[in-house]
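As structure tokens, the structure follows; a few thoughts come after it.
All residue numbers refer to positions in the sequence shown, counting from 1. Note that the structure is predicted; figures quoted are calculated from it, not measured.
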Amino acid sequence: MAKRPSAPRLAFEAAAIYEYPEHLRPSLEALPARPGVYTFHGDSDTLPLYIGKSVNLRSRVLSHLRTPEEAAMLRQSRRISWICTAGEIGALLLEAQMIKAQQPLFNKRLRRNRQLCSLLLTDARPQVVYAKEIDFSSQPGLYGLFANRRAALEALKTLADEQRLCYGLLGLEAVSRGRGCFRSALGRCAGACCGKEPLEAHDRRLKEALSRLQLTCWPWRGAIALKEQSADLTEYHIIHNWLWLGSVASLAEAATLSRLPASFDHDGYKILCRPLLAGSAEIITLSE
């Protein structure tokens, strides 16, 4: 039988795991305490190990010793690079773009290509629609952003269960005309399918439940610049239809970017919707 390591030895091994590799220390010493995006590089020149962002690059990179998985990633890392940004918004936008473009080995979020879809409410019956087929930046009546059809339908079922809505009227299952659905017999559907409640009441509850998922159409007629500034860096983030087209140091450089084609972007919407609509960001309209 193999001898079990003693407690002091286990403590020593744990300490060795959670220690930054010596060859990365020069990179750590040079890291600035500023917003930006950082990359852990392995042996491959084209496939990074991990891309992250922070409002304090030095502090965030030093925190990458929290789990055995992170310690394993550090042992595979050969160097660390970074790009400074003027603030958190720029860091979020750049991180999302870099992860999608470079497909880092250890990034799970944002790495997979999405069949982005939403729920379009027409005639009180939601249907799953895809961003590749309609423009989500201008289509009214859209609710939720989902990675695939299954996720959209599961979200609709959850709302139906919460509000005692009818699966049949929502198109989630087949029902016979004039007969109640199976869930109505169990008290899980309020009975709009068989006359126990008015259809208007059913549809009203559906719209109220969906309202918290409603997407906002792009509220400008063209591209805008969102200004973000730190003590020594100013960036203008050029955005159109919730898509980040890039960042420039001055408005004089914005014209070329603002004329690029722009379709709805899931990550841009999640990052930009709140700061743009809250009125807290400085926004310059670029084109009409």
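- Put simply, CD on Glu154 and CG on Leu156 are 9.5 Å apart, with the number rounded to the nearest 0.5 Å.
- Among His237, Glu235, Glu253, the one residue that satisfies the side-chain hydrogen bond (donor to acceptor under 3.5 Å, both in side chains) test with Ser247 is His237.
- Between Leu121 and Leu119 there is no side-chain heavy-atom pair separated by less than 4.5 Å.
- In this structure, Phe182 places its CZ atom where only 12 or fewer heavy-atom neighbours from other residues, nucleotides or ligands lie under 6.0 Å away.
- A heavy-atom distance below 4.5 Å is found between the side chains of Asn107 and Tyr50.
- For the pair Leu165 and His202, the minimum side-chain heavy-atom distance is below 4.5 Å.
- The shortest distance between side-chain heavy atoms of Gln139 and Val129 does not fall below 4.5 Å.
- For Asp161, the salt bridge (charged side-chain N to carboxylate O under 4.0 Å, His left out) partners are Arg183, not counting sequence neighbours.
- Nearest heavy atoms, Ala33 versus Asn56: CA-OD1, 3.4 Å.
- A donor-acceptor pair is defined here as one N or O able to donate and one able to accept, closer than 3.5 Å; no such pair exists between the side chain of Asp123 and the backbone of Arg125.
- Grouping the Ile, Leu, Val, Met, Phe, Trp and Tyr side chains by contacts below 4.5 angstrom, directly or via other members, places Leu251 apart from Leu233.
- One finds a salt bridge joining Glu162 and Arg212 here, because a Lys/Arg side-chain nitrogen approaches an Asp/Glu carboxylate oxygen to under 4.0 Å.
- Note that the CG atom of Leu145 and the CG atom of Leu215 stand 4.5 Å from one another [nearest 0.5 Å].
- Considering OG of Ser258 and CG of Leu286, their distance stands at 5.5 Å, rounded to 0.5 Å.
- The aromatic rings of Tyr269 and Trp242 sit perpendicular to each other, their planes meeting at more than 60°, with 30° as the lower class boundary.
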Show your reasoning for whether side-chain contact (heavy atoms from CB on, under 4.5 Å) applies to Trp244 and Ile271.
-> CA-CA 10 Å; Trp244 177 55; Ile271 294 167; over 6 Å; no
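- Side-chain contact check for Leu272 versus Leu93: some heavy-atom pair is nearer than 4.5 Å.
- Residue Arg25 qualifies as enclosed at atom CZ: its count of foreign heavy atoms under 6.0 Å is above 12.
- Between Trp82 and Arg60 there is no side-chain heavy-atom pair separated by less than 4.5 Å.
- Nearest heavy atoms, Leu243 versus Asp265: CD1-CB, 3.6 Å.
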Asp43 vs Arg78, side-chain contact (heavy atoms from CB on, under 4.5 Å): CA-CA, chis, key distance, verdict | CA-CA 7 Å; Asp43 293 323; Arg78 298 294 173 260; 3.1 Å; yes
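- At distances below 3.5 Å, not a single donor-acceptor pair connects side-chain atoms of Arg34 with backbone N or O atoms of Leu57.
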Taking only distance into account, with no hydrogens and no angle test, what donor-acceptor pairs under 3.5 Å do side-chain atoms of residues 185-201 form with protein atoms, sequence neighbours excluded?
| residue | atom | partner | partner atom | Å |
| --- | --- | --- | --- | --- |
| Glu197 | OE1 | Arg205 | NH1 | 2.8 |
| Glu197 | OE2 | Arg205 | NH1 | 3.2 |
| Glu197 | OE2 | Arg205 | NH2 | 3.3 |

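- When the options Ile283, Ile89, Leu92 are evaluated for a side chain to side chain contact (heavy atoms under 4.5 Å, CB included) with Pro275, the one that passes is Ile89.
- Nearest heavy-atom pair across Leu245 and Pro261 is CD2-O, 4.1 Å.
- A single hydrophobic cluster is seen to contain both Ile80 and Met73, as judged by linkage of ILVMFWY side chains at heavy-atom distances under 4.5 Å, directly or through other members.
- A pairwise comparison of heavy atoms in Tyr167 and Ala160 identifies CE1-CB, 3.6 Å as the closest pair.
- To the nearest 0.5 angstrom, Met98 atom CE is 11.5 Å from Tyr38 atom OH.
- Interatomic distance, CD of Gln229 versus OH of Tyr236, reported as 7.0 Å (0.5 Å rounding).
- For Trp220 (side chain) and Gly222 (main-chain N/O), no donor-acceptor pair under 3.5 Å exists by modelled atom type.
- With Gln76 contributing its side chain and Leu49 its backbone, the two residues share no donor-acceptor pair below 3.5 Å.
- The aromatic ring centroids of His64 and Phe106 lie 6.0 Å or more from each other.
- A heavy-atom distance below 4.5 Å is not found between the side chains of Lys53 and Thr85.
- Between the side chain of Ser77 and the main chain of Arg79, no donor-acceptor pair closer than 3.5 Å is present.
- His41 pairs by the side chain to side chain donor-acceptor pair (under 3.5 Å) definition with Ser81, not counting sequence neighbours.
- The heavy-atom pair separating Pro32 from Cys84 by the smallest distance is CG-SG, 3.7 Å.
- With contacts defined as side-chain heavy-atom distances shorter than 4.5 Å, the pair Trp218/Leu276 qualifies.
- Annotation: the span from Leu213 atom CG to Phe146 atom CZ amounts to 5.5 Å, rounded to 0.5 Å.
- A donor-acceptor distance shorter than 3.5 angstrom exists from the side chain of Glu228 to the backbone of Glu88, with no hydrogens or angles considered.
- Residues Leu142 and Ser118 come closest through the heavy atom pair CB-OG, 3.7 Å.
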